[in-house]
Amino acid sequence: MKRKIPRPIPLVSSPATQNPRRHGHFYSTASNANLRTWFDKYFEKTNVHAWNSLIADLARSGDSLESLRAFSSMRKLNLIPNRSTFPCAIKACSALSDVRSGQQAHQQALVFGFEFDLFVSSALIDMYSKCGQLGDAKNLFDEIPQRNIVVWTSLINGYVQNEYPLRGLSLFKELLSRGDDDDESSVDSFAMVSVLTACSRLSAEGMTEGLHGFVVKCGFDRDVGVGNTLLDAYAKGGSVGMSRKVFDGMTDRDTVSWNSMITVYAQSGLAREAFEAFSAMVKGGLTRYNAVTLSTLLLASAHCGSLRAGKCVHDQVIVMGLLDNVVVGTSVIDMYCKCGQVQMARKSFDVMEVKNVRSWTAMIAGYGMHGLAREALDVFYQMLGVGVRPNYITFISVLAACSHAGLVDEGRHWFNVMNHQFQVEPRLEHYSCMVDLLGRAGHLHEAYDLIKRMKVRSDFILWGSLLAACRIHKNLELAEISAQRLFELDPSNSGYYVLLSHIYADAGRWKDVERMRELMKDSGLVKTPGFSLIELNGRVHVFLVGDKEHPRHEDIYRYLEELGVKLQRAGYVPDMTSVPHDIDEEEKEVNLRGHSEKLAVAFGIMNSVPGAMIQVMKNLRVCGDCHTVIKLISKIVNREIIVRDSKRFHHFKDGFCSCGDYW
DNA sequence: ATAGGGTTAG
């Protein structure tokens, strides 16, 4: 039977057609490529107005290069550009990040006497900021005797977009303190959006709240753009609830509003709410969805690991003809990787016509999380081969891939050359990968030395990797050092107490095990309960450790018991290293049997056709015993079983795991 | 005929 594909809502038009040219030139129906030809054929070459229209239309429709060409043709004819000519030409320069042309335009604007023209000045400030030349933007701003709000906003935006949101905010403060007597520079909704964007970059909730009050007082809360940015700023500051309140209170909502709300949910891991918001958007019928919407829904699908949902969105991507959109294509790759289907991801990757750093990186990261380090490195070499410059996330992905597969030499190599050969300074995340890689491979002291030598401040992820490695390689001394740091850095996480007490137990230090238990109790910490999810026929089933709530739990335990007999025949011996130490042996086995991933796998097998693949997702790491058991089950029942845990994927098949038992 | 804004992918 053919899968039912939801009926598409027409694709939202591209910016060019979304804002139809307000001025009906007779050539306005011609495509950009023909615009210049039409122009040359029908216009007097001396008509400055016509040249201005041509330059403006080309710049507006995104054909910046052609716009600049028109500008230079006009100059070659020795026509005198007027004050309308420059802003558009300069805008084309900023769209191309072409500082040299921008500087030339700047020079000519001075020659033709537009030094104090605010339209020209604001375009120039914007151009210099977009080209990363904040100093030039600031100098120009300082020399303007009579500034208006557009000029102020241009510079505020420059700061925000060059990652100086704090400077953007203080410039806004300066603007406010200038007094209200000047109408030309009083705050408008555009300025408000820029300032709120600064807030969202800072993730400063207090600031957002304060500005929210200002927004309401000035009546900007009726502006869609302001509402959208406010919503986003609250979310980035951690208040999903306030985001929703802003969204609910908006008088108008456009596609960006809905996309923003869906994104907030998707990024907070609230996939269900994301899909519900989307369904409300479609039901409302007033707003069309676009590439951004689908991209965000793919993120939500990836987050909850729902291949079913992801495929559905992918179908919609195809229907809407968005496959050649780089962002959407990259989201598709990410979705398939995180839903366990690397091969599908690779297929989507191969058909992408335009790939950028992020697309390449998504594929590398995807292979890495599936333990396919060789494939990850192959893609990385290909990427270098075609001349795409890796960024810092690419290197995180490469190092993580090496770490998942234990490729110590490759990892060391790329860590050592990333700075000198690729000008990517190692950050905390790179050090974390290296500590993980070295630690798990048994080079504990090299890992510890690396931490001591590094110039950036350490965090709990880094020490957590070292502590986990200390357990594998039974190093009590380093374990205590790491744990001490972890108790300070991440005091509310109970996992480190649990891990350290396991290490003590492995060493037979029972008094210390008891001490850990007391410590945990005193600080009011409880073990994070493990749970697993499995999706069957569009329904998600949740299993907790030792689940006795699930309606079918008795059947599941019975089935696991049946399997247990076959397991023992296959040579299985329970691995007790992950169970509490303060219970007797029999209880330990019961405890092990109730691990949520086992329950989910069993339930999956019981409720699917023979031979069907089983996919399970777990909130914590898979324990050693479950790993062994699921491996054997995959052989006994002849099923492919994919388990996604908090760090990576395990593909079990024919009694083997893709990780080669290295994790 | 001219200037400044908000949502997306690793």
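First the proteins, then the strands, lettered A, B, ... as listed; each starts at 1. Just so it is clear, the values below take in all heavy atoms, side chains as well, and ignore hydrogens, waters and symmetry mates.
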Task: Results of ring-ring contact (aromatic ring centres under 6.0 Å, His included) for A/Phe141 - residues two or more places apart only - done: A/Trp152
Open item on the list: Is the phosphate of B/dG5 approached by A/Lys130 (side-chain N or O, under 4.0 Å from OP1 or OP2)?
Closed with: yes
Open item on the list: Base of B/dA3, side chain of A/Ser122 - is there a donor-acceptor contact under 3.5 Å?
Closed with: yes
TODO: May I ask you to verify if any side-chain N or O of A/Gln267 is less than 4.0 angstrom from the OP1 or OP2 atom of B/dT8?
DONE: yes
- [ ] Identify whether NZ of Lys or CZ of Arg in A/Arg253 sits under 6.0 Å from the centre of the six-membered ring of A/Phe247 and within 45° of that ring's axis.
- [x] yes
Open item on the list: Counting distance alone, no hydrogens or angles: does the base of B/dA3 have a donor or acceptor under 3.5 Å from a partner atom on the side chain of A/Asn148?
Closed with: yes
Open item on the list: Would you say A/Lys91 places a side-chain N or O within less than 4.0 Å of OP1 or OP2 belonging to B/dG4?
Closed with: yes
Open item on the list: Whether A/Arg60 contacts B/dT2 is assessed here as follows: a side-chain N or O lying under 4.0 Å from the phosphate OP1 or OP2. Is that the case?
Closed with: yes
TODO: Can you label the angle between the A/Trp414 ring and the A/Phe380 ring as parallel, tilted or perpendicular, going by 30° and 60°?
DONE: perpendicular
TODO: Please tell me which of the listed nucleotides, B/dA3, B/dA9, B/dT7, lies nearest to the side chain of A/Phe119?
DONE: B/dA3
Open item on the list: Regarding A/Ser331, tell me which of base, sugar-phosphate or nothing describes its non-hydrogen contacts under 4.0 Å with the strands shown.
Closed with: sugar-phosphate
Open item on the list: Mind checking if A/Thr263 touches a base, just sugar-phosphate, or nothing, with heavy atoms under 4.0 Å?
Closed with: sugar-phosphate
Task: A/Asp315 with A/Lys311: basic N within carboxylate O range, under 4.0 Å - done: no
